[in-house]
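Because the structure is predicted, anything quoted here is derived from the model rather than measured.
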Number of protein chains: 2
Amino acid sequence: MHRDVTLREVAQLAGVSSRTVSNVVNGYANVTDHTRARVMQAVEELGYRPNVLARNLAQGRSGQIAVVVPYLDTPYFSELLQGIIRAARVQGYNVLVDQTDGDPDHERMLIHHGRSRLLFDGVILSPLGLDQQALADHDPRLPLVVLGERVSQGTFDHVGIDDVTASRQATEHLLDLGRTRLAAIGDQPYPTGEAAQLRTRGFREAHQRRGARVHEDLIVRTPRFNRADGAGAMRHLLDLPEPPDAVFCYSDLVALGAIHALTERGLRVPEDVAVIGYDDIEDGAYANPPVSTVSPDKELIATTAVERVLLRIASRTPPPGMELRAPHRLVLRHSTIGRVASSRPR
Amino acid sequence: MHRDVTLREVAQLAGVSSRTVSNVVNGYANVTDHTRARVMQAVEELGYRPNVLARNLAQGRSGQIAVVVPYLDTPYFSELLQGIIRAARVQGYNVLVDQTDGDPDHERMLIHHGRSRLLFDGVILSPLGLDQQALADHDPRLPLVVLGERVSQGTFDHVGIDDVTASRQATEHLLDLGRTRLAAIGDQPYPTGEAAQLRTRGFREAHQRRGARVHEDLIVRTPRFNRADGAGAMRHLLDLPEPPDAVFCYSDLVALGAIHALTERGLRVPEDVAVIGYDDIEDGAYANPPVSTVSPDKELIATTAVERVLLRIASRTPPPGMELRAPHRLVLRHSTIGRVASSRPR
DNA sequence: CTGAAAGCGCTAACAG
DNA sequence: CTGTTAGCGCTTTCAG
């Protein structure tokens, strides 16, 4: 393994100082066309490529952001991650991905800059194990953007959609279908379950607005928002003396699990039970039946998160924490309205 | 923003040289218990945390591997990525994730060490746009592990399953069900479609073994292995004068798309058409009906890939390229065998 | 087992 | 517009 070409060698060959080469390589305009050409030629000739490690050390930044999600195999997160990586690359940033499995200690470590400094310049975090309190305690020097349904504490940005409104609209849709016994799957009445609680609030508000009464025993808790939880909760609901005729699920995975359980029992969706989900993942569109859902603008969430974290990285003094709301819309498919609409997704 | 604590400051406080602190921090045994304790205390007291950037430069390695997949929102890749990140973390490595969208230039850039040196110490690549030829041309100094169905060229490792056998078994299963008009969705008869070609080969071999004849017009090409392609291909097949009574899909997504199209036309799976997929993604298990599939040992593929790339990184002289085969098994669900088996996945 | 000191390759004051 | 030079903070050879 022969030694790599260094900046200095390029400078030597081009007959200029290393400072000038650095300027050329980094596009700092202060160079004559003529010198630039000479330098470029030397770069070509020697096959020079900058050593990021040295640059990082000299600049005191890594040019990387960390994206931290609870579970990578959750379609919602992978779809989001995709957008984040694209947006970051455009800005010349690389993305370090980490998965926490919802482990609070792991999440806590990350908002304190990991176990070593400077590995990443900022973090985009989708918290699961940490509540508001714990999040507020993050290293104030670490540019942080939080995704999901937490509220900004002034020291970091928060990007998400209006969960209460979205949930209310989803529930109203079910009520407007003439359904009367609505279930909700996914409540989490404890500090780290803020996302879930906002959705439950929307669920209640919808009933209130439509003058319907909430069936408290049809609000089911689940530890996570995955398929297995959805299926389990649905089975539980079907075992009740008076099962629901519609279900608002706190994620599309939960909805898919619920539909799985319904089918298993020989029930039809939506004829016997209407189902609506949340997140608008691709699986939902192709499921049988295709699942109605709350569709957040994921692309915008991703680009906004990247934009904000880079802005924080670039700022000398940390900007105040902002609350950023992306738009959402209700996407109606067979799982609530039946085969009346065109069935072809996309 | 106050300056960070450096190794030297710790050394000063502990009354030892920086060399010793370095030894302690990195666990190089050559230190007295006594000195170690003193150093540790100083570390605590000052809240010292090593600066990775400096360490990287001094060591000439980044402690990162790049994982490069065509599409992050493809469940198969996100499930694999999950395993890779876990395995890498155990070894103290961070994972840089990149998505190529199958762009050959992007892939080519990566196997030549990206646009700058040392950003990552090795690469795990799932190629899509590059064929054997192009892959063989990778920077020989870059530790490389290739996933999927390519064959090692001697200069990198290849980790995958035995596609021909797996595909043959899936097809035999359909034939053994008594189906006679088998379709295959996903063929790609061009240089970068090696994965697809191996599956087509297995499809043919199965017919041969069972003494059945291959219906050439039922082998459908698709540019990708996603839901939309699956649905499109299935619609095409259903428009034929004599549609198939069973379909072997080259991915579970294709299978889900195919089932979507079948349901749309009012056909029943598997009564009218049996469907089997490939990859064993979670969606398949919860789909309606649950999808039979070829299940590769993803966990093993992930850990093996990490193991091999780290081994290559650690080796002074590059080890010869190895061909590593992970096991697979056939998972039978309703989409081929109907409701006879237990329906609860997992 | 520990100390001193020379880099790692690049950036960015500070002149000129 | 370009050259000189002093770091960035850590690792690591070489002595002792």
From the options [options], select the nucleotide whose nearest atom is closest to the side chain of [X].
X	options	result
Ser18(A)	dT2(C), dC10(D), dT5(D)	dT5(D)
Gln59(B)	dC1(C), dC10(C), dT11(D)	dT11(D)
Leu57(A)	dC8(D), dG3(C), dC10(C)	dC8(D)
Arg19(B)	dG9(D), dT13(D), dT4(D)	dT13(D)
Thr6(A)	dG9(C), dC10(D), dG3(D)	dG9(C)
Ala58(A)	dT11(C), dT2(D), dC8(C)	dT11(C)
Arg117(B)	dG9(C), dC10(D), dT2(C)	dG9(C)
Ser17(A)	dT11(D), dT4(D), dT2(C)	dT4(D)

Donor-acceptor contact below 3.5 Å, side chain Glu9(A) vs main chain Thr6(A): yes

So does His34(A) get a backbone contact from the side chain of Thr32(A), meaning a donor-acceptor N/O pair under 3.5 Å? no

Check whether the side chain of Arg61(A) and the base of dT11(C) form a donor-acceptor pair under 3.5 Å. no

Using a heavy-atom cut-off of under 4.0 Å over every strand shown, decide if [X] touches base, sugar-phosphate, or nothing.
X	answer
Val16(A)	sugar-phosphate
Ser22(B)	base
Asn56(B)	nothing

Pairwise side-chain contact, His106(A) with Asp101(A), heavy-atom cut-off 4.5 Å (strictly under): no

Rounded to whole angstrom units, what separation is found between the CG atom of Leu7(B) and the P atom of dA5(C)? 16 Å

Spacing between Glu9(B) atom CD and dC10(D) atom C1', to the nearest angstrom: 13 Å

Is Arg308(A) close enough and on-axis enough to Phe156(A), meaning under 6.0 Å and within 45°, for cation-pi? no

Could you check Leu118(B) against Gly15(B) and say which one's nearest nucleotide on DNA chain C is further toward the 5' end? Gly15(B)

